[in-house]
Novice: 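My questions will all concern the structure given below.
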Amino acid sequence: MPSADEILQKMKALQERREAAVGPLVEVLAKRSRLLEQLAELDEPYGKAYVDAEAAGWTAEDLAKLGAEEPAKRPRVRARRSRSSAKKADSHSSEAASEASSPAGTIPAQDGGATAAETADSTASA
């Protein structure tokens with residue numbers, strides 16, 4: 001049976017071989033990481049250049065024939081709403097809110113009595 005010292009020697013030799021084998025992988029991973037960072041830095045200017053080319057009349061098909069892939073991220077285009085469209089949106093939302101609210105006067109009473117609208121009408125006429 002091997003001694004504790006012999007077992008430790010075998011374990012260290014095994015660990016050294018494993019560390020030596022992973023060394024090249026670590027180097028490639030570091031290079032790959034740097035390249036991916038550089039590529040990510042180009043995403044925004046590439047997207048802008050692609051959109052500019054489309055605006056100048058190039059189609060996506062034309063650009064693909066040239067080898068330009070559609071960008072993963074297109075630049076954000078800030079759309080300005082005119083005041084009239086903003087007012088229309090506000091009026092539509094307020095109309096929808098008023099239609100969604102339940103008028104209390106049309107709800108019948110549970111006990112067979114008068115509705116709230118009928119009660120209001122009778123007190124107003126009295």
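Since this is a predicted model, take the numbers as computed values, not measurements. One is the number of the first residue; the rest follow in order along the sequence.
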Novice: So do the side chains of Leu14 and Arg18 get within less than 4.5 Å of each other, counting heavy atoms only?
Specialist: yes
Novice: Taking everything shown except Glu44 itself, do over 12 heavy atoms lie less than 6.0 Å from its CD?
Specialist: no
Novice: Provide the closest heavy-atom pair for Gly47 versus Pro71 in the form atom of the first, atom of the second, distance.
Specialist: CA-CB, 3.8 Å
Novice: Rounded to the nearest 0.5 Å, how far does CD of Glu41 lie from CD of Glu37?
Specialist: 7.0 Å
Novice: Output the distance between atom CZ (Arg32) and atom CG (Leu39), rounded to the nearest 0.5 Å.
Specialist: 11.0 Å
Novice: How many angstroms lie between atom CG of Leu36 and atom CZ of Arg34, to the nearest 0.5 angstrom?
Specialist: 11.0 Å
Novice: Say whether Leu63 and Val51 are linked into one hydrophobic cluster, either directly or through other cluster members, by side-chain heavy-atom distances under 4.5 angstrom.
Specialist: no
Novice: Rounded to the nearest 0.5 Å, what's the gap from NZ on Lys12 to CD on Gln15? Could you check?
Specialist: 11.5 Å
Novice: Salt bridge (charged side-chain N to carboxylate O under 4.0 Å, His left out), that's the test. Do Glu61 and Lys65 meet it? Break it down for me.
Specialist: CA-CA 6 Å; Glu61 186 178 300; Lys65 288 177 184 176; 3.6 Å; yes
Novice: Quick one: do Gln38 and Leu35 satisfy side chain to side chain contact (heavy atoms under 4.5 Å, CB included)? Show the steps, please.
Specialist: CA-CA 5 Å; Gln38 290 174 352; Leu35 289 172; 3.6 Å; yes
